[in-house]
Number of protein chains: 4
Amino acid sequence: MELIINPADELPIYRQIMRQITEAIAVGRLKSGEKLKSHRDLSEELVIAPLTVKKAYDELEALGFIETQRGRGTFVCTAPPRLDPVEQRDKIQQAARSFLSQAYLAGLRYTEVVKILKDADRELTAGAPSRKEKETA
Amino acid sequence: MELIINPADELPIYRQIMRQITEAIAVGRLKSGEKLKSHRDLSEELVIAPLTVKKAYDELEALGFIETQRGRGTFVCTAPPRLDPVEQRDKIQQAARSFLSQAYLAGLRYTEVVKILKDADRELTAGAPSRKEKETA
Amino acid sequence: MELIINPADELPIYRQIMRQITEAIAVGRLKSGEKLKSHRDLSEELVIAPLTVKKAYDELEALGFIETQRGRGTFVCTAPPRLDPVEQRDKIQQAARSFLSQAYLAGLRYTEVVKILKDADRELTAGAPSRKEKETA
Amino acid sequence: MELIINPADELPIYRQIMRQITEAIAVGRLKSGEKLKSHRDLSEELVIAPLTVKKAYDELEALGFIETQRGRGTFVCTAPPRLDPVEQRDKIQQAARSFLSQAYLAGLRYTEVVKILKDADRELTAGAPSRKEKETA
DNA sequence: GTGGTCTAGACCACC
DNA sequence: GTGGTCTAGACCACG
């Protein structure tokens, strides 16, 4: 699990960490129960302050993605968190609009966008355990 | 050109303005050469400080989306900014991966994501020149 | 005497006009006693407000570059204005620093800058009546 | 890095700051990666509003000269912005013509202009890495 | 009326 | 301590 952080990015560093970990979980690159690096090791590896990594872990734990076991380490939760479905839906729709607009600004047409999305799906799912269909609940 | 701002949103107000304007340009709802509201008028309309709107306009100008003519107003640029096509493509692909991951985290399947994207396209394209008729629902 | 104005330029339009006229005088492209276009004609030609051209002419007259003769028109003065030599010198030196810095930022070296300056001199002086050496006074 | 601002100058304060910083970068007095003063400290030092300094920093960042890292500070970029070389050349040549015209208006001759340019170079290069020794006079 | 600049504060998030 | 955002004014220059 390699992370890439960019100190100049407008997204805070702890958010960059959170995003990459949740994406890895979403896609199956990080599996349920898998152990994460300690926040101290990770901070050394990324050359950032330990508190910054800890903040990311704390927030991820508060959101239900990971859990810490005193003395043993930090692990990916078995049960992925379920947020408010309505709110969730709104955020996804907004993300879709943003993504589309960005693509349109680049001069792409709708069919091309779909193609890119399909490629991204293939790339993300590659190497990951074949996802099981989940209820949209 | 109606804007909606949400002071509670984590996205800064001036960014919300920028996003909506660039999306409107991307989609053709704002046409080349079209005049924007003065930053004072818009600030009154949105009930926010004039400087906040001005900051949005300033950044959009720095990015090449709009241009101002002292004493006359602010206008949509005729030549939208063009980045390096390769770099452009990379950013879009990265955005696609982020979008997909977010959707998967919410428990959606690929086919559902495509459906959401199609809806977003319809919504964005509504009101734009070459639009397909649909109820604004 | 063709003028080029750019409404999007950060330099005010009336200043753009002033600059081009004074440069033309400096270089001999506009000769002493020569008649300028009326401010109304020029404003039509440039597609700008007559008041804007008039402001440029007024300022140029106040500075001593041109003079208007009621009912006859506007003419280039025979005696070029002499500003405070010290202040003048300071401004030139500041302009030299700015020009040099700009060139250095572009990656040029000093000798290349001098070469460009020589070319510019040739280009400016070409077609103009050979300038007579003036006392620096 | 000492800055001098003149509130009476027609050039806005934030532009004066920008000019001096870009000149320092151009000439090597500010090196890649070097940390700038915080905009608050600098504003105190210059006895101006913090927002004024911040505006200068923001514009310099938009132009690619410096970059900020939240919580850490503002730094000179390692890769200075590179424009289209041809376009670049055009701008420099135009600047050369402007500079020359201004000097000629002041009654200077070409050889005098070159002398002033040489002095400006010495002054700019003073304090920079590969400088030639001279009295700061 | 339009944008351009500046002030003197304030609160928040990040490291 | 650092930058990020926002406010509510003010004065000026331009067209």
Side-chain angles (χ1 to χ4, degrees), chain A residues 5 7-16 43 46-56, chain B residues 5 7 9-17 35-44 46-59 61 66-75, chain C residues 5 7-17 43 46-56 59, chain D residues 5 7 9-17 35-44 46-59 61 66-75:
Chain A
I5 68 135
D9 195 325
E10 72 174 338
L11 195 68
I13 294 176
Y14 82 98
R15 288 268 203 175
Q16 295 181 37
S43 72
L46 301 177
V47 196
I48 58 180
L51 263 184
T52 304
V53 180
K54 182 154 198 316
K55 180 165 186 179
Chain B
I5 67 137
D9 194 326
E10 77 170 337
L11 196 67
I13 295 177
Y14 83 97
R15 287 275 194 175
Q16 296 182 37
I17 296 173
K35 187 176 184 301
L36 297 177
K37 287 195 175 82
S38 84
H39 74 268
R40 287 171 218 266
D41 283 357
L42 186 52
S43 72
E44 270 187 35
L46 301 178
V47 197
I48 57 179
L51 255 193
T52 303
V53 179
K54 185 163 194 306
K55 180 164 186 180
Y57 279 19
D58 282 349
E59 301 251 319
E61 179 161 27
I66 65 181
E67 69 179 357
T68 75
Q69 296 176 15
R70 268 182 336 298
R72 304 224 310 112
T74 307
F75 304 83
Chain C
I5 68 133
D9 194 324
E10 73 174 338
L11 195 68
I13 294 176
Y14 83 97
R15 289 267 203 173
Q16 295 181 38
I17 297 173
S43 71
L46 301 178
V47 196
I48 58 180
L51 263 185
T52 303
V53 180
K54 182 155 197 315
K55 180 166 186 178
E59 300 253 321
Chain D
I5 68 138
D9 195 325
E10 78 170 338
L11 195 66
I13 294 176
Y14 83 97
R15 287 276 193 177
Q16 295 180 37
I17 297 173
K35 187 174 185 298
L36 297 177
K37 285 195 176 82
S38 85
H39 74 269
R40 288 173 217 265
D41 282 356
L42 186 52
S43 73
E44 269 186 36
L46 300 178
V47 197
I48 58 180
L51 256 192
T52 303
V53 179
K54 185 166 193 308
K55 179 163 187 182
Y57 279 19
D58 282 350
E59 301 250 317
E61 179 161 26
I66 65 182
E67 68 180 357
T68 76
Q69 298 176 16
R70 267 182 338 296
R72 304 224 310 111
T74 308
F75 304 83

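Naming convention: chains lettered A, B, ... in sequence-line order (proteins, then strands); numbering from 1 in each chain.
Considering every non-hydrogen atom in both B/Gln16 and B/Leu11, the closest pair reads NE2-O, 2.8 Å.
Rounded to whole Å, the distance from CD on D/Glu59 to P on E/dG4 is 10 Å. If you take CD1 of C/Ile17 and C1' of F/dG15, they are 11 Å apart, rounded to a whole angstrom. Put simply, CD1 on D/Ile66 is 12 Å from C1' on F/dG3, counting in whole angstrom units. Distance C/Leu46 CG to F/dG15 P: 12 Å, rounded to the nearest Å. One atom, CD of D/Gln69, and another, C1' of E/dA13, lie 16 Å apart when rounded to the nearest Å. Atom CD of B/Glu67 is separated from atom P of E/dG3 by 13 Å (rounded to the nearest Å). In this structure, CG of C/Asp9 is placed 11 Å from P of F/dG15, rounded to the nearest angstrom. Atom CD in A/Glu10 sits roughly 17 Å away from atom C1' in F/dT2 (whole-Å rounding).
Under 4.0 angstrom from either OP1 or OP2 of E/dC6 there lies no side-chain N or O belonging to D/Lys55. OP1 or OP2 of E/dG3 lies within a sub-4.0 Å distance of a side-chain N or O belonging to B/Ser38. Distances shown here put every side-chain N or O of C/Thr52 at or beyond 4.0 Å from the OP1 or OP2 atom of F/dC14. Side-chain N/O atoms of D/Thr74 include none lying less than 4.0 angstrom from OP1 or OP2 on F/dT2.
By the 4.5 Å heavy-atom criterion applied to side chains, A/Leu46 and A/Ile13 are not counted as neighbours. Counting heavy atoms from C-beta outward, B/Thr68 and B/Tyr57 have side chains that stay 4.5 Å or more apart.
Within the 4.0 angstrom heavy-atom criterion, base atoms lie near D/Lys54. Nucleic acid contact class of D/Ile13 (heavy atoms, under 4.0 Å, all strands): sugar-phosphate only.
Counting heavy atoms of neighbouring residues, nucleotides and ligands inside a 6.0 Å radius, atom CG of A/Leu51 does not exceed 12 of them. More than 12 heavy atoms of other shown residues, nucleotides or ligands fall within 6.0 angstrom of atom NZ in D/Lys37.
Nearest nucleotide to the C/Tyr14 side chain, out of F/dC14, F/dG3, F/dA8: F/dC14. Of the candidates E/dG4, F/dG4, F/dA8, the closest approach to any side-chain atom of D/Asp58 belongs to F/dG4. Distance from the side chain of D/Arg70 is smallest for E/dC15 among the nucleotides E/dT2, E/dT7, E/dC15. Side-chain atoms of B/Arg40 lie closest to E/dG3 of the nucleotides F/dT2, E/dC6, E/dG3. Of the candidates F/dT7, E/dC6, E/dG3, the closest approach to any side-chain atom of B/His39 belongs to E/dG3.
Residue whose closest nucleotide on DNA chain E sits further toward the 5' end, between D/Pro50 and B/Lys35: B/Lys35. Residues B/Gly71 and B/Val47 both approach DNA chain F. Their nearest nucleotides, taken by heavy-atom distance, put B/Val47 toward the 5′ side. Projected onto DNA chain E by closest heavy-atom contact, A/Arg15 and D/Arg15 fall at different nucleotides, the more 5' of which corresponds to D/Arg15. Heavy-atom nearest nucleotides on DNA chain F were determined for B/Ala49 and for B/Arg72, and the one closer to the 5' end corresponds to B/Ala49.
Under the Watson-Crick or G-U wobble criterion, with both distances below 3.5 Å, F/dC11 is paired with E/dG4.
The CD1 atom of B/Ile17 sits 7.0 Å away from atom OG1 of B/Thr52, with the distance rounded to the nearest 0.5 Å.
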